[in-house]
Amino acid sequence: MKRIITFGTFDVFHVGHVNILERAAQFGDYLIVGVSSDALNFSKKGRYPVYSQNDRCKIISSLSFVDEVFIEESLELKKEYITQHNADILIMGDDWAGRFDWVSDVCEVKYLPRTPSISTTEIIEVVKSIK
Ligand code: C2G
């Protein structure tokens with residue numbers, strides 16, 4: 001039984017998010033998702049997500065291939081989250097390639113190709129430009 005863990009903000013949920021979670025789930029039997037908190041986003045990006053952490057968690061929890069969801073409060077706690085959840089593999093999109101290799105002493109780390117041409121930032125820009 002392999003346990004997979006992944007992390008993300010998943011704001012303004014879109015098909016790129018579905019693709020990474022669906023593919024991550026295929027690497028094991030149980031998928032755990034760390035959803036970054038509103039405060040973590042504010043400290044990283046200087047703005048809050050469009051959707052609140054509760055709503056983002058609710059959306060991710062509703063997916064049939066997601067088994068467990070928790071709030072990620074800090075990027076530095078990655079190893080603690082991985083060991084607490086007994087994860088065997090950490091999976092992230094390849095925009096993060098190499099950046100989580102430092103946890104590879106506690107689990108395997110894999111980066112999967114991002115879905116091209118879609119991002120939360122781009123969706124926000126498109127919505128803003130609609131007159
Ligand atoms: N993603 C993807 N294709 C896209 C957009 C996103 O595969 N077109 C993937 C990202 O690579 C990431 C996941 O979807 O693995 C979540 O992306 P974001 O919501 O942008 O998450 P981020 O703000 O990068 O938070 O601890 C890490 C952070 O919590 C990651």
Side-chain angles (χ1 to χ4, degrees):
M1 159 111 175
K2 272 216 185 323
R3 293 166 65 89
I4 311 297
I5 195 165
T6 190
F7 294 86
T9 307
F10 305 106
D11 191 26
V12 188
F13 192 69
H14 60 65
V15 73
H17 297 143
V18 178
N19 288 339
I20 188 111
L21 293 170
E22 191 175 43
R23 283 180 296 159
Q26 288 165 1
F27 283 84
D29 312 285
Y30 193 87
L31 179 62
I32 304 147
V33 184
V35 172
S36 61
S37 69
D38 293 339
L40 172 56
N41 273 273
F42 191 78
S43 72
K44 255 188 344 185
K45 303 175 186 169
R47 69 162 180 86
Y48 286 104
V50 177
Y51 296 170
S52 70
Q53 63 189 47
N54 286 351
D55 288 359
R56 290 181 287 114
C57 282
K58 186 159 187 185
I59 291 166
I60 303 298
S61 309
S62 73
L63 298 169
S64 58
F65 37 83
V66 170
D67 297 291
E68 201 176 318
V69 172
F70 69 95
I71 296 281
E72 176 192 30
E73 305 277 2
S74 160
L75 294 179
E76 283 75 49
L77 290 175
K78 213 148 246 101
K79 272 195 197 178
E80 285 77 356
Y81 293 134
I82 292 167
T83 47
Q84 268 164 27
H85 290 94
N86 274 320
D88 301 290
I89 313 178
L90 166 65
I91 295 186
M92 294 296 299
D94 63 4
D95 48 322
W96 288 95
R99 290 171 60 195
F100 293 120
D101 291 356
W102 59 279
V103 307
S104 57
D105 56 331
V106 293
C107 74
E108 191 182 333
V109 182
K110 274 189 198 300
Y111 304 97
L112 304 181
R114 256 173 90 87
T115 302
S117 319
I118 187 154
S119 72
T120 299
T121 312
E122 210 172 299
I123 295 168
I124 293 171
E125 289 310 313
V126 170
V127 171
K128 272 191 196 162
S129 74
I130 296 172
K131 295 274 186 302

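Remember, it's 1-based here, ligands and their atoms both numbered in the order they're listed.
- Remark: the backbone N or O of F13 is not paired with any side-chain donor or acceptor of Y51 at under 3.5 angstrom.
- Here the closest heavy-atom approach between residue T9 and residue S36 is recorded as OG1-OG, 2.9 Å.
- For F7, no nitrogen or oxygen atom sits less than 3.5 Å from a nitrogen or oxygen atom of ligand 1, counting backbone and side chain alike.
- In terms of heavy-atom proximity, V12 sits nearest to H17 at O-CE1, 4.2 Å.
- Applying the 4.0 Å criterion to heavy atoms of S36 picks out, from ligand 1, the atoms 29 (O).
- The residue among R114, E122, H14 with a heavy atom at the shortest distance from atom 1 (N) of ligand 1 is R114.
- In this structure, the side chains of Q84 and F70 stay at 4.5 Å or more apart for every pair of heavy atoms.
- In terms of heavy atoms, T6 sits closest to L90 at CA-CD1, 4.3 Å.
- Considering backbone and side-chain N/O of F10, one or more are found under 3.5 Å from N/O of ligand 1.
- If you number the atoms of ligand 1 from 1 as listed, the ones under 4.0 Å from a heavy atom of H17 come out as 14 (O), 19 (O).
- Counting protein heavy atoms only, atom 24 (O) of ligand 1 is closest to W96 NE1, 2.9 Å.
- The shortest N or O to N or O distance between R23 and ligand 1 is not below 3.5 Å.
- Contacts of R99 with ligand 1, taken as heavy-atom pairs under 4.0 Å, are absent altogether.
- Residue G93 approaches ligand 1 through these ligand atoms, each under 4.0 Å from one of its heavy atoms: 11 (O), 15 (O).
- Between K45 and ligand 1, a contact under 3.5 Å exists for at least one N or O pair.
- Distances below 4.0 Å separate heavy atoms of G8 from the following atoms of ligand 1: 16 (C), 21 (O), 25 (O), 29 (O), 30 (C).
- Of all the listed residues (V35, L75, D95), D95 holds the heavy atom that lies closest to atom 11 (O) of ligand 1.
- Between D95 and R114 there is a salt bridge, since a side-chain N of the basic residue sits under 4.0 Å from a carboxylate O of the acidic one.
- Polar contact with ligand 1: present for T9 (N/O pair, distance under 3.5 Å).
- Salt-bridge check for R3 with D67: failed, with every basic side-chain N at 4.0 Å or more from each acidic carboxylate O.
- In the vicinity of K78, heavy-atom distances shorter than 4.0 Å reach the ligand 1 atoms 26 (O), 27 (C).
- Where the criterion is an N or O separation shorter than 3.5 Å, residue side chain and backbone included, T115 meets it with respect to ligand 1.
- Scanning the protein for heavy atoms near atom 29 (O) of ligand 1, the closest one is E72 OE1, 2.6 Å.
- W96 is not listed as a side-chain neighbour of F7, based on a closest heavy-atom distance of 4.5 Å or more.
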